[in-house]
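Because the structure is a prediction, the values reported are computed rather than measured. When reading the values below, keep in mind they use all heavy atoms of this one structure, side chains included, and skip hydrogens, waters and symmetry mates.
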Amino acid sequence: MKDHKRAIQGLVKVAALAYGTRGIRINAMLPGTTDTAFARPPGIPDAAWAWFKKAYGPLNVEGLERMAEPAGIARAILALTCDDSVHQTGASGPVDGGATAGRRMVAPPTN
């Protein structure tokens, strides 16, 4: 796991302990690579991006073998904030399709 995500985990734990007695739950989602404008370099044609995403998944996301979509990340956040999770605080959860459970990241070959 990258150092910045470890730092977030530490901050979440400290904040959860500090604010828990006030009824405030603090958790973090640690998303993997997600199909957003941030991940997609500008100027890449749609067909080339679709090819890249298809190749990226099996190489980097050993579990689900696909890049995340923003809606999937949003649903994970909603699940954590719903009333069913009232006793969860101080947790950091990867939402990466199994990428952190598998092998290291590699770039698909270019054509």
Side-chain angles (χ1 to χ4, degrees):
M1 187 173 294
K2 295 181 180 178
D3 288 338
H4 66 280
K5 289 190 179 181
R6 289 191 194 279
I8 290 169
Q9 289 177 315
L11 180 62
V12 165
K13 289 178 181 184
V14 169
L17 294 175
Y19 290 97
T21 58
R22 299 180 194 175
I24 299 171
R25 296 181 300 120
I26 299 178
N27 299 290
M29 288 296 187
L30 308 172
T33 304
T34 306
D35 184 9
T36 63
F38 183 74
R40 181 178 177 169
I44 292 185
D46 290 343
W49 182 244
W51 175 88
F52 179 87
K53 286 191 337 178
K54 187 175 181 178
Y56 176 91
L59 290 172
N60 293 289
V61 187
E62 194 164 9
L64 299 181
E65 295 192 346
R66 64 180 183 267
M67 187 181 290
E69 297 291 331
I73 303 299
R75 284 192 296 275
I77 293 169
L78 287 173
L80 186 61
T81 60
C82 78
D83 290 339
D84 292 338
S85 299
V86 296
H87 204 69
Q88 186 167 359
T89 192
S92 300
V95 184
D96 62 8
T100 54
R103 57 189 170 251
R104 65 179 175 79
M105 278 181 96
V106 296
T110 58
N111 289 339

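The number of heavy-atom neighbours closer than 6.0 Å to NZ of Lys53, taken from other residues, nucleotides and ligands shown, is above 12. In this structure, Arg66 places its CZ atom where only 12 or fewer heavy-atom neighbours from other residues, nucleotides or ligands lie under 6.0 Å away.
In this structure, the side chain of Thr34 does not engage the main chain of Thr36 through any donor-acceptor pair within 3.5 Å. A donor-acceptor pair under 3.5 Å is absent between the side-chain atoms of Thr81 and the main chain of Ala79, judged by distance alone. The backbone N or O of Pro31 lies less than 3.5 Å from no partner atom in the side chain of Asp96, so there is not a single donor-acceptor pair.
Here the straight-line distance linking atom CG of Leu78 with atom CD1 of Ile73 works out to 12.0 Å at 0.5 Å rounding. Atom CD1 of Ile44 is separated from atom CH2 of Trp51 by 10.5 Å, given to the nearest 0.5 angstrom. Gln9 CD to Asn27 CG: the interatomic distance, rounded to the nearest 0.5 Å, is 11.5 Å.
Gln88 is listed as a side-chain neighbour of Leu80, based on a closest heavy-atom distance under 4.5 Å. Looking only at side-chain heavy atoms (C-beta outward), Arg40 and Phe52 stay at 4.5 Å or farther from each other. Counting heavy atoms from C-beta on, the side chains of Thr33 and Asn60 never come closer than 4.5 Å.
Residues Pro41 and Trp49 share a closest heavy-atom pair of CD-CZ3, 3.9 Å.
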